[in-house]
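Structure first, then comments.
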2 protein chains.
Amino acid sequence: MGTTQLESVQEPKYWHLKTVLNDALDSEFEVGEILPNERDLAARFGVARATLRQALEQLELEGRLQRRRGVGTTVAPPRMGVRVGPVANTWPGSTLDSWKTVGCVEAVAPHAIAALLGTGSDAAVHTVRRERVMRGQHVATELLYVPPASVPELSTMLTPANHAPAVLRELHTLELEGEDRSVELGSASAEDAKQLDRLPGAPVLVVTTRYFSAGRVAAASVATYRADTCRLTFGDSGALEVTHHEEESRQAS
Amino acid sequence: MGTTQLESVQEPKYWHLKTVLNDALDSEFEVGEILPNERDLAARFGVARATLRQALEQLELEGRLQRRRGVGTTVAPPRMGVRVGPVANTWPGSTLDSWKTVGCVEAVAPHAIAALLGTGSDAAVHTVRRERVMRGQHVATELLYVPPASVPELSTMLTPANHAPAVLRELHTLELEGEDRSVELGSASAEDAKQLDRLPGAPVLVVTTRYFSAGRVAAASVATYRADTCRLTFGDSGALEVTHHEEESRQAS
DNA sequence: TAGTGGTCTAGACCACATC
DNA sequence: ATGTGGTCTAGACCACTAC
């Protein structure tokens, strides 16, 4: 290639570049392989580095590439399927659910959370932070909000070490009647980004869950998943997790 | 502001800009209001236009802004909650599900779809295109793949006009045993982008569903939702749709 | 210290919507 | 014709990683 189609492409360079790179990734690279650096790639394609970067950004968004400052750009493995949907309604923190509890504080919830819980805006709630690790990689961080009213029997002898387990234990004594969930696109806060080993602003899938008990919202959680590496799975008869393992070129012409 | 904190910000300009703008949107702008153009905004903040755009892009990703070429940048309304989860398992196209059938062709499915369906890679499948409209806005496009084996009684007298309804009618005669779903981030193909009234590459939430009947995958669909305007909702005891209506500042700052 | 990706600039031109 | 956002360039410097 080089001097073809001078007339009327009407397609942005970065878009064309993206499809070219996407095809090259399928045919000429292995997962984990490192690409030439951005300056070389840009020169090779005869475009400005910014334009090349626009293509790389999209490919990273689609989970095809992984870029790390000071290291380089590598070919990403297929996205992990992480189960989010109802697994026969269970409370958070039950047995082996691949979550790791990090800690817990009692603090006033943000307005949006207070609205979810149906509590007053200034009420303090137990806030449990958890992390989800799969295949040795941090894929999600979560904040679980539990109003004191949901755990009335909670001990008053709380230390940083036993706070979170105590809250979860009390929560498990309730009868879980149902759950609500929503998924939307967001961008990682500075704090979340650090825990997910990404830069601030990285795209994330925000999963908001409400847990119902006794006709009320007994707890709510906001979980932040890495959008580049995760595919969230739901559903009752799940086996979608094990398939999907060749490639996924739903988009990219 | 103006000449404060010369020492050690260590925070990218666009990131700081984003939070400033985000706050301004909450306090000084109404939904639908049009912002000053990018050149003016950049000048006002004393940054290059590219930097300003980096901030705007993030805010658009988070659903706070809407930008249209030739028109301007406006403040976006809160995201719509669109139900995706199981509503007591029903087949696609049942009664009022806010989907509109556009057409149907018989064609060989992409490899990824063939893998989902468990059919051979070269088998032709019925491909029904549908659109989802909410509040007068296109929020999703979908391709529903139905292998001929799932609709054996399908008439052989098919016209472009009756193809899609006939396939759906036959599908509804089967007993739906369960569904599978996964959600991941993608970017709009040129075709999808046009139907969603977005530019190619716009962020979308890709919902892949498998429908089970008689122990097999009877159909599969890939639905593409606008990530900027949609919040996907799941769950059995749903009322999450009507709340959430103040703001959602889970991230930012 | 060298090499990588991340940020930023100050321009230019293009595609599109509107009047 | 005008004004908007979208694309693109050719630089520069910074933050981080690894050697």
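When reading the values below, keep in mind they use all heavy atoms of this one structure, side chains included, and skip hydrogens, waters and symmetry mates. The sequence lines fix the lettering, A, B, ..., with proteins before strands; numbering per chain opens at 1. As the structure is a prediction and not an experimental result, all values here were calculated from the model.
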Could you pull out all residues at least two apart from Arg53(A) that satisfy side-chain hydrogen bond (donor to acceptor under 3.5 Å, both in side chains)?
Glu38(A)
Contact list (N/O, under 3.5 angstrom) for nucleotides 17-19 of chain C vs protein:
none

For Arg69(B), all residues meeting side-chain contact (heavy atoms from CB on, under 4.5 Å), sequence neighbours excluded
Leu199(B)
Quick one, Trp99(A) and Pro92(A) - any side-chain contact, counting heavy atoms below 4.5 Å?
no
Thr73(B): what forms a side-chain contact (heavy atoms from CB on, under 4.5 Å) with it, not counting sequence neighbours?
Leu35(B), Leu65(B), Arg67(B)
Length of the line joining Leu41(A):CG and dT4(C):C1', which is rounded to integer Å
12 Å
Which residues pass the side-chain hydrogen bond (donor to acceptor under 3.5 Å, both in side chains) test with Thr127(A), not counting sequence neighbours?
none
Rounded to the nearest Å, what distance is computed from the NZ atom of residue Lys194(B) to the P atom of nucleotide dC16(C)?
11 Å
Tell me, please, the opening and closing nucleotides of DNA chain D, 5' to 3', among those with an atom under 4.0 angstrom from a non-hydrogen atom of chain A.
dT7(D) to dT17(D)
Output all residues satisfying side-chain contact (heavy atoms from CB on, under 4.5 Å) with Leu61(A), sequence neighbours left out; order by chain, then residue number.
Pro203(A), Leu185(B)
Should Leu232(B) and Phe234(A) count as side-chain neighbours, where that means a heavy-atom distance under 4.5 Å?
no
Identify, with sequence neighbours excluded, every residue that meets side-chain contact (heavy atoms from CB on, under 4.5 Å) alongside Thr101(B).
Val128(B), Arg130(B), Ala164(B), Leu168(B)
Check DNA chain C against residues 48-56 of chain A and give the residues with a non-hydrogen atom under 4.0 Å, in numerical order.
Arg49(A), Arg53(A)
Which residues satisfy the side-chain hydrogen bond (donor to acceptor under 3.5 Å, both in side chains) test with Thr141(B), sequence neighbours excluded?
Arg129(B), Asp192(B)
I want to confirm an ordering. Mapping Pro12(A) and Arg39(A) to their closest nucleotides on DNA chain D, which one lands closer to the 5' end?
Pro12(A)
For dT4(C), does either OP1 or OP2 sit under 4.0 Å from a side-chain N or O belonging to Thr73(A)?
no
Results of side-chain hydrogen bond (donor to acceptor under 3.5 Å, both in side chains) for Glu131(B) - residues two or more places apart only:
His138(B)
